[in-house]
Protein chains: 2
Amino acid sequence: MLLNDDMTHSLARDGLTVSRAHLLWELHHRGPTTQRGLADALDVSARNITGLVDALAGTGFVTREPHPTDRRATLVTFTRHGEATARAMERDQQEFARLLFDGMPAQRFDCFARGLDDVLARLREGSLAAAPEVSRD
Amino acid sequence: MLLNDDMTHSLARDGLTVSRAHLLWELHHRGPTTQRGLADALDVSARNITGLVDALAGTGFVTREPHPTDRRATLVTFTRHGEATARAMERDQQEFARLLFDGMPAQRFDCFARGLDDVLARLREGSLAAAPEVSRD
DNA sequence: TATTGTTATACTCTATAACTATA
DNA sequence: TATAGTTATAGAGTATAACAATA
């Protein structure tokens with residue numbers, strides 16, 4: 001999820017933090033998910049997910065439902081309020097994209113997109129091969 | 001300061017965190033600075049600076065020196081180790097830029113840069129006028 | 001045995017408020 | 001009175017390790 005400052009402030013007004021919003025975002029795109037699944041998707045510890053889900057459940061965005069076949073697991077699931085909030089986040093995301101690109105001449109956009117692809121490809125390839133490392137002395 | 005994952009990991013190996021590295025970065029570009037100056041530059045609270053400087057002083061990156069004319073203030077100042085680390089960070093930054101752009105045809109680079117300028121201008125103008133806001137329900 | 005999620009513990013970043021020393 | 005920095009307190013995100021329930 002791409003966030004600018006205004007979006008971060010909106011989240012705060014909704015009683016959300018960036019980490020909690022990321023969890024909602026993931027849930028919105030995956031549907032009901034185990035905490036293990038969320039931990040892997042967000043690349044954080046299981047313990048961390050416990051805390052985030054505790055907070056989101058306490059403020060009415062999600063509930064913990066029993067997994068239908070695995071009694072160890074819980075399925076984190078949207079409440080109606082959580083679902084509506086996630087849809088609003090998606091709308092804001094699209095509005096943000098429009099703000100950045102609407103009305104940009106097609107030629108400039110294509111050219112920018114190609115340059116960005118290039119940069120991203122370099123980043124992907126270079127990040128493993130030539131890991132920058134702070135030199136020690 | 002622009003950081004990729006590899007750079008963040010390097011910082012950790014040096015005993016630094018991202019927040020502490022940002023403080024060093026600022027210090028490297030400003031020279032000895034009061035804690036108040038750092039708080040304003042990094043846009044965090046004075047209390048936060050106290051904690052970061054405590055940590056950086058405890059691990060030998062900086063010292064607190066008396067301000068020559070204002071006895072309330074302290075000047076946060078590099079140790080030799082801190083100075084060397086900041087220089088290494090700057091080298092890594094340049095290496096990162098080379099990774100992203102070296103050997104890119106001038107035409108593609110110019111075009112990308114123009115598109116980026118355009119996007120950044122939209123972001124600056126739009127961020128106040130059309131602040132995206134998560135709709136409530 | 002391996003996995004899911006919790007409890008226990010700890011560290012870091014962050015903030016506001018009250019306070020001391022100085023300007 | 002105002003400012004620089006600290007102490008006091010609190011909350012959020014993050015991690016590892018030990019544990020219980022279940023697979």
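A quick note: this is a predicted structure, and the numbers were derived from the prediction, not measured. Below, read A as the first sequence line, B as the second, and so on, with proteins coming before strands; counting in each chain starts at 1.
- Distance Ile49(A) CD1 to dT7(C) P: 15 Å, rounded to the nearest Å.
- Minimum atom distance to the side chain of Asp70(B) is reached by dA4(D), of the listed dA4(D), dT14(D), dA8(D).
- If you measure from atom CZ of Arg71(A) to atom C1' of dT3(C), you get 15 Å, rounded to the nearest angstrom.
- Residue Thr17(B) places its side chain closer to dT12(C) than to any other of dA4(D), dT6(D), dT12(C).
- Checked for salt-bridge contact, Arg36(B) and Asp40(B) meet the test: a charged N lies under 4.0 Å from a carboxylate O.
- In terms of heavy-atom proximity, Gln35(A) sits nearest to Thr74(A) at OE1-OG1, 3.4 Å.
- Within residues 50-69 of chain B, the residues approaching DNA chain D are Thr50(B), Arg64(B), by heavy-atom distance under 4.0 Å.
- As a whole-Å value, the separation of Leu42(A) CG from dT14(D) P is 9 Å.
- Asp14(B) contributes no side-chain N or O that, together with a main-chain N or O of Leu16(B), makes up a donor-acceptor pair within less than 3.5 Å.
- Distance from the side chain of Thr74(A) is smallest to dG5(C) among dA23(C), dG5(C), dA15(D).
- In this structure, Asp118(A) pairs ionically with Arg122(A), as a charged nitrogen and a carboxylate oxygen lie closer than 4.0 Å.
- Using modelled atom types, no side-chain atom of Glu26(A) and backbone atom of Ala41(A) make a donor-acceptor pair closer than 3.5 Å.
- Between dT6(C), dT16(D), dT4(C), one nucleotide has an atom nearer to the side chain of Ser45(A) than all others, and that is dT16(D).
- Look at Asp54(B) and Arg64(B) and you find a salt bridge, because one of the NZ, NE, NH1 or NH2 atoms lies within 4.0 Å of a carboxylate O, short of that distance.
- Between Asn48(B) and the phosphate of dA15(C), there is a side-chain N or O to OP1/OP2 separation shorter than 4.0 Å.
- Between the Thr33(A) side chain and the Gly31(A) main chain, a donor and an acceptor come within less than 3.5 Å of each other.
- Between Phe61(B) and Phe78(B), the distance from one ring center to the other does not fall under 6.0 angstrom.
- The CG atom of Leu16(B) sits 16 Å away from the C1' atom of dC11(C) (whole-angstrom rounding).
- With dA8(C), dT6(D), dT7(D) as the candidates, the nucleotide lying closest to the side chain of Arg47(A) is dA8(C).
- In this model, a side-chain donor or acceptor of Arg72(A) finds a partner on the base of dT3(C) within 3.5 Å.
- DNA chain C is contacted by Ser19(B), Arg20(B) of residues 18-36 of chain B, taking any non-hydrogen atom closer than 4.0 Å.
- Heavy-atom minimum distance, Leu75(B) versus Pro66(B): CD1-O, 4.3 Å.
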